[in-house]
Amino acid sequence: MVISQIIFYMLAAFTLLSALFVVFSKNPIYSVLWLILCFFSIAGHFVMLNAQFLAVVHIIVYSGAIMVLFLFTVMLLNLNSETEPHKPTLLKFAAVLSGGALFLIIIAAVRSTMPVPYVAPQLSEVGYVKNIGMKLYRDYTLPFEVASILFLSAMIGSVVLAKKERFN
Amino acid sequence: MENSIQSVPQNWYLLLSTFMFCIGVMGVLLRRNAIIILMCIELMLNAVNLLLVSYSSYAGNAEGQVFVFFIMVVAAAEVAVGLALLVSIYRNVASTDIDILNRMKW
């Protein structure tokens, strides 16, 4: 067994375990912390796939910004006590069953697909910053600018939504 | 150290991200706390990101990674707006239980 296969197995087991703990832990704070670990292991997968730029962006955006936002909201709403009412057992059983059924259906659908052929090693350097930047600023300039407008509208929208209505 | 493209088959990444996506779906169906549901949506988005990056790396095409970049942009905006909505809901009904919010059911 090659060393990269061992690293893949360890990262995959870590990713799946932390994702399961996100779903099944009772306390929302623990869910947020497990989700941060899951995002770090996905960044490790990106490094193994030669996508270094996306790995760094993933750590900065997800673990740095989004999860801090989640943690801040959980602590702001004082949800760290285990006060969440749970669904009845029949509904839990149905949820797990339908998740497993979806997994089986997707596996059965993609089982007959063709595996992607390997490319030459000099072509597999697509994840470097130079190639991504070339692609982003040459072919995808308009979506890049539209994304900034999306961020602006999301910022205005969240400020408007979370503001207290004092005037009525 | 060699990268995993040469020695790990691409089907393993397909299996891994399918399993992660189904864990996210299961969490959305299972939990009642709206914050956990948002986190499970993030989990599903990350499963799709992982699959896109693996396909793009194996096929030697950079456009998949550009798409992952845009998915990250949309996810960040979605989380900001979703958490603002959640804070506003909590201010009105003092709970984040989604089974309370059934006023628009019919």
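Every heavy atom of this structure was used, including side-chain atoms; hydrogens, water molecules and symmetry mates were not. Reminder, nothing fancy here: chain letters follow the sequence lines and each chain counts from 1.
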Practice problem: Mind ranking A:F144, A:F24, A:F70 by heavy-atom pairs under 4.5 Å with chain B and telling me who comes out on top? | Solution: A:F70

Quiz prompt | Atom of A:S4, atom of B:V8 and distance for their closest heavy-atom approach | solution = O-CG2, 4.1 Å

Practice problem: Could you tell me which portion of A:F72 (side chain, backbone, both or neither) has an atom closer than 4.5 angstrom to a non-hydrogen atom of chain B? | Solution: neither

Practice problem: Give, for atom OG1 of B:T18 and atom CG of A:L104, the distance between the pair rounded to the nearest 0.5 Å. | Solution: 11.0 Å

Quiz item: Which atom pair, heavy atoms only, marks the closest approach of B:L29 to A:S98?
Solution: CD1-OG, 3.3 Å

Self-check item: Interface residue of largest heavy-atom contact number with chain A, from B:I35, B:V68, B:V28, B:L86, under 4.5 Å
Solution: B:I35

Quiz item: B:M26, B:M39, B:M20, B:E42: which one forms the most heavy-atom pairs within less than 4.5 Å of chain A?
Solution: B:M39

Quiz item: Do you know which of A:G100, A:C38, A:G157, A:P143 has the most heavy-atom pairs with chain B at a distance under 4.5 angstrom?
Solution: A:P143

Self-check item: Considering all heavy atoms, the nearest A:K135-B:A62 contact
Solution: CG-CB, 4.4 Å

Quiz item: Which atoms of B:V81 come close to chain A, meaning under 4.5 Å heavy atom to heavy atom: side chain ones, backbone ones, both, or neither?
Solution: both

Quiz prompt | Side chain / backbone / both / neither for B:L50 at chain A, heavy atoms under 4.5 Å | solution = both

Self-check item: Shared hydrophobic cluster, A:L11 / A:Y9 (ILVMFWY, side-chain heavy atoms < 4.5 Å)
Solution: yes

Self-check item: Cluster overlap A:I3 with A:M48, hydrophobic side-chain contacts below 4.5 Å
Solution: yes

Exercise. Name the region of B:Y90, side chain, backbone, both or neither, that has any atom closer than 4.5 Å to a heavy atom of chain A.
Key: side chain

Practice problem: Identify the two heavy atoms, one from A:V22 and one from B:I36, that lie closest to each other, and give their separation to 0.1 Å. | Solution: O-CG2, 4.3 Å

Quiz item: Do A:V160 and A:M155 sit in the same hydrophobic cluster, where Ile, Leu, Val, Met, Phe, Trp and Tyr count as joined when their side-chain heavy atoms come under 4.5 Å apart?
Solution: yes

Quiz item: Same cluster or not: are A:M75 and A:M67 linked, directly or through other Ile, Leu, Val, Met, Phe, Trp or Tyr residues, by side-chain heavy atoms under 4.5 angstrom apart?
Solution: yes

Quiz item: Relative to chain B, which segment of A:A19 carries a heavy atom at a distance below 4.5 Å: side chain, backbone, both, or neither?
Solution: both

Practice problem: Measure the CD1-CZ distance between A:I132 and B:F69 for me, rounded to the nearest 0.5 Å. | Solution: 9.5 Å

Quiz item: Do you know which of B:L83, B:L15, B:L85 has the most heavy-atom pairs under 4.5 Å to chain A?
Solution: B:L83

Practice problem: Any chance you could measure B:M72, atom CE, to A:L54, atom CG, to the nearest 0.5 Å? | Solution: 5.0 Å

Quiz item: Can you name the nearest heavy-atom pair linking A:L49 to B:S57, along with the distance?
Solution: O-OG, 2.7 Å

Exercise. Under 4.5 Å heavy-atom distance to chain B, tell me which part of A:S153 shows up: side chain, backbone, both or neither.
Key: neither

Exercise. Would you give the length of the straight line joining atom CZ of B:F70 to atom CG of A:L136, rounded to the nearest 0.5 angstrom?
Key: 5.0 Å

Practice problem: Tell me whether B:V53 is reachable from A:F14 by hopping between hydrophobic residues (I, L, V, M, F, W, Y) whose side-chain heavy atoms are closer than 4.5 Å. | Solution: yes

Quiz item: At what distance, to the nearest 0.5 angstrom, does CZ of A:F53 lie from CD of B:Q65?
Solution: 9.5 Å

Quiz item: Counting only heavy atoms not in B:F67, do more than 12 sit closer than 6.0 Å to its CZ atom?
Solution: no

Self-check item: Segment of A:S31 engaging chain B (4.5 angstrom heavy-atom cut-off)
Solution: both

Self-check item: Contact origin within A:L35 toward chain B - heavy atom pairs under 4.5 Å
Solution: side chain

Self-check item: Least distance between heavy atoms, B:A76 atom then A:I66 atom
Solution: CA-CD1, 3.9 Å

Self-check item: Side-chain donor or acceptor of A:S158 paired with backbone N/O of B:A80 under 3.5 Å
Solution: no

Quiz item: Where on A:F151 is there a heavy atom nearer than 4.5 Å to chain B: the side chain, the backbone, both, or neither?
Solution: side chain

Practice problem: Under 4.5 Å heavy-atom distance to chain B, tell me which part of A:V159 shows up: side chain, backbone, both or neither. | Solution: neither

Exercise. Under 4.5 Å, counting heavy-atom pairs only, tell me which of B:V66, B:V25, B:I23 racks up the most with chain A.
Key: B:I23

Quiz item: Checking side-chain contact (heavy atoms from CB on, under 4.5 Å) for the pair B:N46/A:H58: CA distance, chi angles, key distance, verdict?
Solution: CA-CA 10 Å; B:N46 271 286; A:H58 194 270; 2.6 Å; yes

Quiz item: Going from NE2 on A:H45 to CG on B:N49, what distance comes out if it is rounded to the nearest 0.5 angstrom?
Solution: 13.0 Å

